[in-house]
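Source: prediction; values computed, not measured.
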Amino acid sequence: MDHYRPKSAIIGVDGPGYWWLAYVPSNYRLACGFCNSGGAQINGQSGRRTKSNHFPLLDESTRATGEHCDYAKEQRVLLDPADGRDARLLGFDMEGHARRRSGVPRSAAEVSRSVCRADETIRLLDLNRELLVEDRKTTMGDINGLASLLTSAPAAPVAREMIERKIGLRSDWSTAALEALRAHPRVADELTPLGSLRSQPGPTAFVAGHEMDLTDLGFLISAGSLRAGFTLTGQHEGDLSEATVLADGRVSCAARVWSTPTSAARAVTGREDIDGWAFWTINMNGTTTSLAELRDQYRSQPLPGDHKP
């Protein structure tokens, strides 16, 4: 059990934590030992990622400072597993990696600060650490195999029972199992209430003409300013870091894949206040340019028609 809003102190914030919520049950969340303890190791070094006393806000001026404040006004970064709206933002790919669902546009606060709440939650809790990814991938593969057996009359009853067990709320990796079931809509309609998986947001593209989402690199790739395989470099306290741009606009570095430049930069520096767009640079025709400078050329322009975040 852990406190969602930390009770004693808040990392990166001067002053006490939410001490008045120390014994309020609505502030309790189930947490694994990892998230409530020492955190991750990346390439043998501390990744400084764990829930601990982290509770960043998109806008610090919205932070509650007393028991009579309205917590709904806080612009939280960390997704709350007890909030259904937050739970809908997080999904998994078939390799077992936690990813933000692209079917729901980012909030205006996320876009204005170049931050993705889902990506920051994945980073701080290290939701893509190796053991988790492997177990999710195994479970999702099991669901695919069982779903294929439903067409065989002799095997169908047992396969159906096993699928129901794996997607049950008390089962390990049940959310990953449900995610895999999305690939089998007929089975999902039969085994989930009112076909609820179909109504959840999936990996859909944004529509041309919408205001441009400047949070990820997808729009720069669509515009031709970046290409998959480009190397990004960044320097912090004398250390040089490199990252690779992927075809879908994500960034690969620190043995992980990140949806936004900001989460990637924070992963390699351990700093919670780094703006990845200013941190990462790219060498183009002999000239070093920051991602922020590239992005600023496209502000207030319509979204390219083939942009897929």
Euclidean distance, [Y] [atom2] relative to [X] [atom1], rounded to 0.5 Å:
X	Y	atom1	atom2	result
Glu60	Glu74	CD	CD	9.0 Å
Arg186	Leu181	CZ	CG	10.5 Å
Asp93	Arg99	CG	CZ	5.5 Å
Thr260	Leu291	OG1	CG	11.0 Å
Arg100	Arg88	CZ	CZ	10.5 Å
Leu131	Arg129	CG	CZ	8.0 Å

Full working for ring pair (Phe, Tyr, Trp, His ring centres under 6.0 Å) between Trp277 and Phe279:
CA-CA 6 Å; Trp277 292 86; Phe279 175 79; over 10 Å; no
Any non-hydrogen side-chain atom of [X] less than 4.5 Å from a side-chain atom of [Y]?
X	Y	result
Ile282	Leu294	yes
Leu89	Arg117	yes
Trp280	Val268	yes
Glu95	Val133	no
Met1	Leu30	yes
Leu125	His54	no
Thr262	Asp275	yes
Glu237	Thr269	no

Are the side chain of [X] and the backbone of [Y] linked by a donor-acceptor contact shorter than 3.5 Å?
X	Y	answer
Ser171	Arg165	yes
Arg76	Ala72	no
Lys137	Met140	no
Thr281	Thr288	no
Arg5	Tyr18	no
Asp119	Trp258	no
Tyr71	Arg63	no

So which heavy atom on [X] is nearest to which on [Y], and how close?
X	Y	value
Gly145	Ser148	O-OG, 2.6 Å
Phe55	Pro6	CB-CD, 3.5 Å
Asp2	Ser52	OD2-O, 4.5 Å
Ser290	Ala278	CB-O, 4.2 Å
Cys69	Thr65	SG-N, 3.4 Å
Ala264	Val251	CB-CG1, 3.9 Å

Is there a continuous path of hydrophobic side-chain contacts, each under 4.5 Å between heavy atoms, that joins [X] to [Y]?
X	Y	result
Leu246	Phe230	no
Leu149	Ile143	yes
Ile122	Leu79	yes
Phe92	Leu127	no
Trp19	Val24	yes

Find out whether the Lys NZ or Arg CZ of Arg29 is both under 6.0 angstrom from the six-membered ring centre of Tyr4 and within 45° of the ring's axis.
yes
Side chain to side chain contact (heavy atoms under 4.5 Å, CB included) test vs Pro56 passes for just one of Ile11, Val77, Ile10, Val115, namely Val77
Determine, step by step, whether Ser241 and His236 satisfy the side chain to side chain contact (heavy atoms under 4.5 Å, CB included) criterion, reporting the C-alpha distance in whole Å, the side-chain angles of both residues, the deciding distance to 0.1 Å, and the verdict.
CA-CA 8 Å; Ser241 300; His236 176 69; over 6 Å; no
Check the pair Lys166 / Trp173 against side chain to side chain contact (heavy atoms under 4.5 Å, CB included), numbers first and verdict last.
CA-CA 8 Å; Lys166 286 181 177 293; Trp173 321 115; over 6 Å; no
Consider only side-chain N and O atoms of Glu120 and Ser263, and report whether a donor and an acceptor are under 3.5 Å apart.
yes
Say whether His3 and Asn53, considering side chains only, have a donor N or O and an acceptor N or O under 3.5 Å apart.
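There is no such pair (donor and acceptor under 3.5 Å, judged by atom type) between the side chains of His3 and Asn53.
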Yes or no on side chain to side chain contact (heavy atoms under 4.5 Å, CB included) for Gln75 and Ser107, after CA distance, side-chain angles and deciding distance?
CA-CA 10 Å; Gln75 295 183 7; Ser107 67; over 6 Å; no
Counting only heavy atoms not in Leu240, do more than 12 fall under 6.0 Å of its CG?
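Yes, enclosed.
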Under the criterion side chain to side chain contact (heavy atoms under 4.5 Å, CB included), I'd like the reasoning laid out for Leu124 against Arg266: C-alpha separation, chi angles, the key distance, then a yes or no.
CA-CA 10 Å; Leu124 287 170; Arg266 292 177 180 181; over 6 Å; no
With a 4.0 Å cut-off on N to O distance, would you call Glu179 and Arg136 a salt bridge?
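Judged by the 4.0 Å cut-off on N to carboxylate O distance, Glu179 and Arg136 do not form a salt bridge.
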